[in-house]
Amino acid sequence: MNTIAELVTWLRDEDAARLASLWQHADRVRRQSVGDQVHLRGLVEFSNHCGRACAYCGLRRDHHELVRYRMTEDEILQCAQQAVSFGYGTLVLQSGEDFGAGTDWVTALVRRIKRQTPLAVTLSLGERRPEELAAWRAAGADRYLLRFETSNRRLFERVHPPRPGEPPSDRIGLLRTLRQLGYEVGSGVMVGIPGQTYDDLAHDIRLFRELDLDMIGVGPYLPHPATPLADPVGRPSVPPADQVPSSELMTCKVIALARLTCPRANIPATTALATISPDRGRELGLQRGANIIMPNLTPARYRALYEIYPEKACLRETADQCHAGLASRIEQLGREIGGGRGDSPNFVHRRDASAANDA
Ligand code: SAM
Ligand code: SF4
């Protein structure tokens with residue numbers, strides 16, 4: 001499973017019997033490595049302001065029709081209390097690259113959540129300065145999610161341009177900084193970006209392993225009509241036989257292969273997978289390697305405005321409806337809802353190994 005050629009073979013495989021064996025293998029490794037518990041992370045999309053112009057995302061700064069919002073500290077704290085009342089162990093704070101949510105503001109927010117709740121705090125705020133990442137870690141933030149989106153540097157630079165006056169992004173360098181700061185580190189990719197080949201995707205999976213990721217998030221690329229990538233004219237293209245489809249099946253393959261290459265990582269069945277496959281996306285993800293779900297706690301009046309792609313799953317549900325639906329779906333799979341913070345077994349293993357070395 002370790003060579004690029006083997007990964008490409010799996011990504012291209014369409015044989016039902018062989019794929020059934022891949023799902024079984026991934027599910028077995030998931031059970032042995034991270035257990036049967038499904039951990040729930042309460043997601044708060046607290047700001048849709050963004051200074052970047054990613055060619056794939058509806059929050060891009062050039063999308064002028066989008067009404068922008070930033071939740072107040074009190075509104076976010078209410079979501080945190082709701083997470084506690086639902087029994088979630090983690091709050092995920094996600095936003096565009098919003099420098100209006102400044103260093104001190106985020107520091108105070110993290111401190112308050114950590115003081116007033118037992119929640120682990122995951123940040124997903126895009127590319128921020130190392131000093132800010134250090135300040136938030138010191139304030140108590142536990143984890144950081146930053147997808148590298150694609151390991152193909154040329155494709156990355158086409159779809160993820162630098163902020164005005166800044167050098168090209170170095171998300172992989174930032175992931176290493178996050179690790180040094182002691183964060184539990186998560187990354188991932190979109191599956192089926194225009195111009196993404198099978199070979200690219202195989203290299204993505206190998207990079208998950210090289211970065212020794214604690215959390216891996218993968219979802220299908222979903223076109224947003226107000227973005228350049230949705231326009232067939234001028235977008236990156238490769239021969240049709242090489243282009244990765246942004247499908248339920250391909251996303252499940254990447255989840256399964258990520259589980260086999262990074263057995264102890266926490267892997268969510270993502271909202272994008274549930275969006276492309278509303279009836280069974282989350283269930284398939286959980287049966288093919290995933291062990292995490294991220295129910296949305298964003299208040300309904302903001303949720304529709306966090307439109308990274310259209311018709312996102314759970315768009316019109318309240319947090320209560322989203323929670324009730326997920327709980328019963330997890331039980332129907334014969335799995336249990338995890339208690340506690342649900343730290344990544346990969347992170348715990350690395351921390352314990354390093355403590356043993358120091359002793
Ligand atoms: N701004 C932060 C960042 O870019 O890391 C966090 C929020 S951003 C909306 C979270 C993720 O959404 C991105 O890393 C990207 O993978 C995903 N995303 C954005 N546009 C998407 C699209 N059109 N289809 C699928 N996923 C998308
Ligand atoms: Fe902004 Fe993140 Fe969307 Fe890029 S993916 S435009 S950084 S919110």
Side-chain angles (χ1 to χ4, degrees), residues 41 43-64 66 68-70 92-101 106 122-128 132-133 143-151 155-164 166 168-172 174-175 178 185-196 201 204 213 215-231 235 244-248 250-251 254 268 270-277 281 294 296 298 302-303 305-313:
R41 319 301 201 194
L43 173 64
V44 185
E45 299 156 331
F46 72 88
S47 164
N48 70 351
H49 288 271
C50 189
R52 200 171 279 280
C54 300
Y56 41 85
C57 176
L59 305 192
R60 66 199 308 272
R61 62 162 192 269
D62 304 329
H63 186 195
H64 298 297
L66 183 67
R68 305 283 171 167
Y69 71 89
R70 184 179 305 119
V92 181
L93 298 174
Q94 197 185 75
S95 67
E97 274 184 27
D98 176 12
F99 282 79
V106 176
T122 302
L123 300 178
S124 178
L125 279 54
E127 293 159 49
R128 303 291 298 240
E132 302 185 286
L133 301 173
R143 311 182 185 132
Y144 205 99
L145 298 174
L146 185 74
R147 290 186 179 180
F148 59 80
E149 315 293 4
T150 169
S151 59
L155 179 60
F156 179 75
E157 287 184 11
R158 271 193 76 178
V159 300
H160 189 96
R163 296 168 69 104
E166 292 190 1
S169 299
D170 179 13
R171 285 197 163 205
I172 291 167
L174 269 182
L175 290 169
L178 289 163
V185 177
S187 191
V189 297
M190 283 175 286
V191 173
I193 310 169
Q196 182 186 50
L201 196 49
D204 295 346
L213 294 175
M215 305 173 278
I216 300 170
V218 292
Y221 158 72
L222 297 161
H224 187 298
T227 61
L229 224 53
D231 182 353
R235 71 180 174 202
V244 170
S246 73
S247 62
E248 171 198 286
M250 193 57 63
T251 306
V254 180
T270 54
T271 306
L273 179 56
T275 300
I276 204 169
S277 174
M294 295 167 68
N296 200 324
T298 312
Y302 299 126
R303 207 182 282 196
L305 300 174
Y306 199 84
E307 196 192 45
I308 54 185
Y309 46 77
E311 292 303 320
K312 233 168 47 171

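Atoms considered below: every heavy atom in the structure, side chains included; atoms not considered: hydrogens, waters and symmetry mates. Numbering of ligands and ligand atoms starts at 1, following listing order.
- Looking from atom 1 (N) of ligand 1 to the surrounding protein, the closest heavy atom is Ser95 O, 3.0 Å.
- Nearest non-hydrogen protein atom to atom 12 (O) of ligand 1 is Ile308 CD1, 3.8 Å.
- Taking a cut-off of under 4.0 Å to the non-hydrogen atoms of Arg60, the atoms of ligand 2 that pass are 6 (S).
- Proximity of Cys50 to ligand 1, defined as any heavy-atom pair under 4.0 Å, is not found for any part of the residue.
- The shortest contact between atom 17 (C) of ligand 1 and any protein heavy atom is with Arg147 NH1, 4.0 Å.
- For the pair Lys312 and ligand 1, no heavy-atom separation below 4.0 Å is found.
- Taking backbone and side chain together, Cys57 holds no N, O or S atom under 2.8 Å from atom 1 (Fe) of ligand 2.
- Taking a 4.0 Å cut-off on heavy atoms, Ser124 registers as neighbouring ligand 1.
- Protein heavy atoms are found inside the 4.0 Å sphere centred on atom 15 (C) of ligand 1.
- Contact atoms of ligand 2 toward Cys50: 1 (Fe), 6 (S), 7 (S), 8 (S) (distance under 4.0 Å to a heavy atom of the residue).
- Contacts between Phe148 and ligand 1, counted as non-hydrogen atom pairs separated by less than 4.0 Å, are absent for every part of the residue.
- No heavy atom of Ala272 sits closer than 4.0 Å to any atom of ligand 1.
- The nearest heavy-atom contact from the protein to atom 24 (N) of ligand 1 is Leu222 N, 3.0 Å.
- Listed by atom number, the atoms of ligand 2 under 4.0 Å from Gly96 heavy atoms are 8 (S).
- Contacts between Tyr56 and ligand 1, counted as non-hydrogen atom pairs separated by less than 4.0 Å, involve both the backbone and the side chain.
- Shown in contact with Cys54 at under 4.0 Å from a heavy atom are these atoms of ligand 2, numbered in order with element: 4 (Fe), 5 (S), 6 (S), 7 (S).
- Under the 4.0 angstrom criterion, atom 1 (Fe) of ligand 2 counts as having a protein heavy-atom contact.
- Close contacts between ligand 2 and Tyr56 involve ligand atoms 5 (S) [criterion: under 4.0 Å to a heavy atom].
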